[in-house]
Protein chains: 2
Amino acid sequence: MSKDDARNRILDAAGPVFAAKGYRAATVREICEKAGMNVASVNYYFGDKENLYVETIKRVRPPRIEEKLQGAWSTETSPADKLRDFIHAMVRALCGAEMFPWLPELLKREIANPTPACEGLLQEPFFANFDLLQSILVEILPPDTPPHKRHQIAFTVIGQCVHFRVSRKIAAMLIGSDEFEAHYGPDEVATHISRVCLAALGLAPPIVEPGRKRDQV
Amino acid sequence: MSKDDARNRILDAAGPVFAAKGYRAATVREICEKAGMNVASVNYYFGDKENLYVETIKRVRPPRIEEKLQGAWSTETSPADKLRDFIHAMVRALCGAEMFPWLPELLKREIANPTPACEGLLQEPFFANFDLLQSILVEILPPDTPPHKRHQIAFTVIGQCVHFRVSRKIAAMLIGSDEFEAHYGPDEVATHISRVCLAALGLAPPIVEPGRKRDQV
DNA sequence: CATTGTATCAAACGAGTGTTTTAAGTCAAT
DNA sequence: ATTGACTTAAAACACTCGTTTGATACAATG
C-alpha cells in the first residue's frame with residue numbers, strides 16, 4: 001500500500017468519526033480500526049490527533065456556493081432569481097448531497113463550537129459565500145442602504161438556511177417525524193425560505209396566498 | 001455547611017463549566033475545584049457525573065416566553081404586536097439577560113447535539129414556546145393555511161432568533177467586531193427580525209425604506 | 001462520655017486515551 | 001543476496017478521567 005493510500009484510508013475513516021462524535025470524543029483507535037490500520041499509524045502519518053483533524057477538514061473544503069451556480073447566471077438574470085438560486089444552493093449544500101455526506105455534521109460542530117486550529121480554514125468559504133450573498137443584496141437594496149442593514153438581511157437569509165439544517169432533530173420532534181419527512185426536503189425548505197426573503201424585500205407578494213388573506217388593511 | 005448548600009455550590013460551579021466545554025469535555029475535577037469541594041463530592045451528592053448534568057439542567061428551566069409577556073396582552077392587542085413582542089422576548093431570552101448567563105450556551109449545545117438524558121427536560125419549554133408562536137400565527141394566517149406551512153413560518157421566526165445568537169462568533173468575524181457590537185444588541189436584532197417577519201407576512205411594508213426603492217414594479 | 005451518622009478529604013483504582021518505543025516485515029535498488 | 005529506507009504491528013508508556021475507598025473530623029444523640 002502506498003503512502004498516500006494509507007493516508008487517505010485514515011482520512012476517509014476519520015471524517016465520519018469526527019463528524020459523528022466531535023473532535024474530543026472521537027478516538028484514534030476507532031478511526032484506525034475503521035481504516036483497518038494500526039493505532040500508531042495516525043501518529044506516523046499525521047504526527048498527532050489534532051493534525052489529523054486539521055487535515056481532515058483541509059481535504060473537504062466547504063462548498064462554495066459561487067462555484068456551483070454563478071456560471072449559470074447571465075447579465076439579465078434578475079436579482080430575485082439570483083437570491084432564489086443562492087438559497088436553493090445553500091440549503092442543498094447544507095443538506096450534504098455531495099461527496100462527503102458527513103461534512104454538514106462536521107461543519108455544524110465547527111459553527112457551534114469552532115476549533116481554534118480550524119477557524120482559519122473555514123473562514124475562507126464562509127467569507128466567499130457571505131460576499132456572494134451580499135453582492136446579490138446590493139443589487140436588490142437601495143444604493144444608500146447602510147452596510148449594517150445589508151449584513152443583517154444577509155444573516156436573515158443564511159440564518160434560516162442553517163437553522164433548518166442544524167435544528168433538524170428538534171424540528172422533527174416538535175412537528176412529528178411524519179410531517180418532517182413530508183415537508184422538509186431541501187427543495188421545499190429552500191422554496192419556503194426564498195418566499196419569505198423575497199416577500200420581506202418587496203420582490204414578491206407576502207407569503208400568505210393572494211386572495212385568501214383574512215383582512216387586508 | 002448544610003447538605004443543600006454543598007449541593008448548590010456544586011451545581012453553581014457545574015453550570016458554567018458544562019456550558020463552556022460540553023458534557024464530555026467538562027471534568028468533575030474542575031467543577032469541584034471551582035466549587036471549593038473535594039473531587040469525591042460529586043459522587044457523594046449526585047451519584048455520578050451524568051446525574052449532576054441532569055440536575056444542572058433541571059435547575060435552570062429554559063425560559064418560557066409565555067410567562068414573560070402574555071400577561072401584558074389584552075384582547076385588543078393586534079397579532080402583529082404579539083409577534084413583535086414574542087420575537088423581542090425570545091431574542092432577549094436567548095441572549096441570556098437572566099439569572100444564569102451561561103444558560104444560552106448550554107442550550108445551544110443541547111440544540112445542536114441533544115444529550116439523551118436531557119431530551120425530555122428541554123422538550124417542555126420548547127413545545128410551550130412553539131405553541132405560543134403558533135397561536136399567534138393562527139391569528140395572522142388565513143384560516144385554511146395548511147399546518148405544515150404555519151410550522152415552516154414558525155421555524156423561520158425561531159430560526160432567525162436562534163441563529164443570531166448561536167452564530168455570534170462567526171457573525172462578528174464576518175462583519176468585524178466593531179459593527180457587531182454596534183448593531184447586534186438584543187433590541188436591534190429583534191427589531192430587524194420583526195420587520196422581516198411582518199413584511200413577509202404582509203403585515204408591514206417591505207423592509208427597504210419606503211420611497212427609497214430603486215425600481216418598484 | 002461513648003456512639004452513631006454525616007460530611008469531607010487524600011489517596012488510589014481501573015478504564016480509556018494519545019503517544020512512543022521497539023521490533024519485525026516489505027520491497028525496491030544496488 | 002544485501003542493504004537500507006520505508007511501513008506495519010504489538011506492546012507499553014504516560015496521562016487524564018470518573019469513581020471508589022478508607023480514614024478522619026465533627027455534630028447530634030442517648
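By convention in this document, chain letters (A, B, ...) are assigned in the order of the sequence lines, proteins followed by strands, and residues within each chain are numbered from 1.
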side-chain hydrogen bond (donor to acceptor under 3.5 Å, both in side chains) involving Glu124(A) - partner list, sequence neighbours excluded
Arg64(A)
Residues that Lys169(A) engages under side-chain hydrogen bond (donor to acceptor under 3.5 Å, both in side chains), provided they are two or more places apart
none
Pairs flagged by salt bridge (Lys or Arg N to Asp or Glu O under 4.0 Å) wherever residues 103-115 of chain A is involved - sequence neighbours left out:
Glu105(A)-Lys108(A), Glu105(A)-Arg165(A)
Hits for side-chain contact (heavy atoms from CB on, under 4.5 Å) against Ala25(B), two or more places apart or cross-chain, chain-then-number order -> Arg24(A), Lys21(B)
Partner set under side-chain contact (heavy atoms from CB on, under 4.5 Å) for Thr77(A), not counting sequence neighbours:
Trp73(A), Ser74(A), Asp81(A), Lys82(A)
So, using side-chain contact (heavy atoms from CB on, under 4.5 Å) as the criterion, who are the partners of Glu119(B) when residues are at least two apart?
Pro114(B)
Interface with DNA chain D, restricted to residues 12-27 of chain B and to heavy atoms under 4.0 Å
Ala26(B), Thr27(B)
Whole angstrom is fine here: how far is it from CZ in Phe46(B) over to P in dG18(D)?
15 Å
With sequence neighbours left out, what residues match Asn51(B) under side-chain hydrogen bond (donor to acceptor under 3.5 Å, both in side chains)?
none
Expressed as a whole number of angstroms, how long is the span from Ile10(B):CD1 to dG18(D):C1'?
14 Å
To the nearest 0.5 Å, what is the distance between CD on Gln152(B) and OH on Tyr184(A)?
5.0 Å
The criterion is side-chain contact (heavy atoms from CB on, under 4.5 Å); which residues satisfy it with Asp187(B), sequence neighbours excluded?
His88(B), Arg92(B)
What's touching nucleotides 19-25 of chain C from the protein side, N or O pairs under 3.5 Å?
from, atom 1, to, atom 2, distance (Å)
dT19(C), OP2, Asn43(A), ND2, 3.3
dT19(C), OP2, Lys49(A), N, 2.8
dT19(C), O5', Asn43(A), ND2, 3.3

Rounded to the nearest angstrom, tell me the gap between atom CE in Met37(B) and atom C1' in dG18(D).
18 Å
How many whole angstroms separate atom CD of Glu30(A) from atom C1' of dG18(C)?
15 Å
What's touching nucleotides 26-28 of chain C from the protein side, N or O pairs under 3.5 Å?
none

From CG of Asn51(B) over to P of dG18(D), roughly how many Å is that when rounded to an integer?
15 Å
Which residue pairs pass the ring-ring contact (aromatic ring centres under 6.0 Å, His included) test when at least one of the two sits in residues 48-67 of chain A, sequence neighbours left out?
Phe18(A)-Tyr53(A), Tyr23(A)-Tyr53(A)
Could you measure the distance from the CE atom of Met173(B) to the CD1 atom of Ile170(B)? Nearest 0.5 Å is fine.
5.5 Å
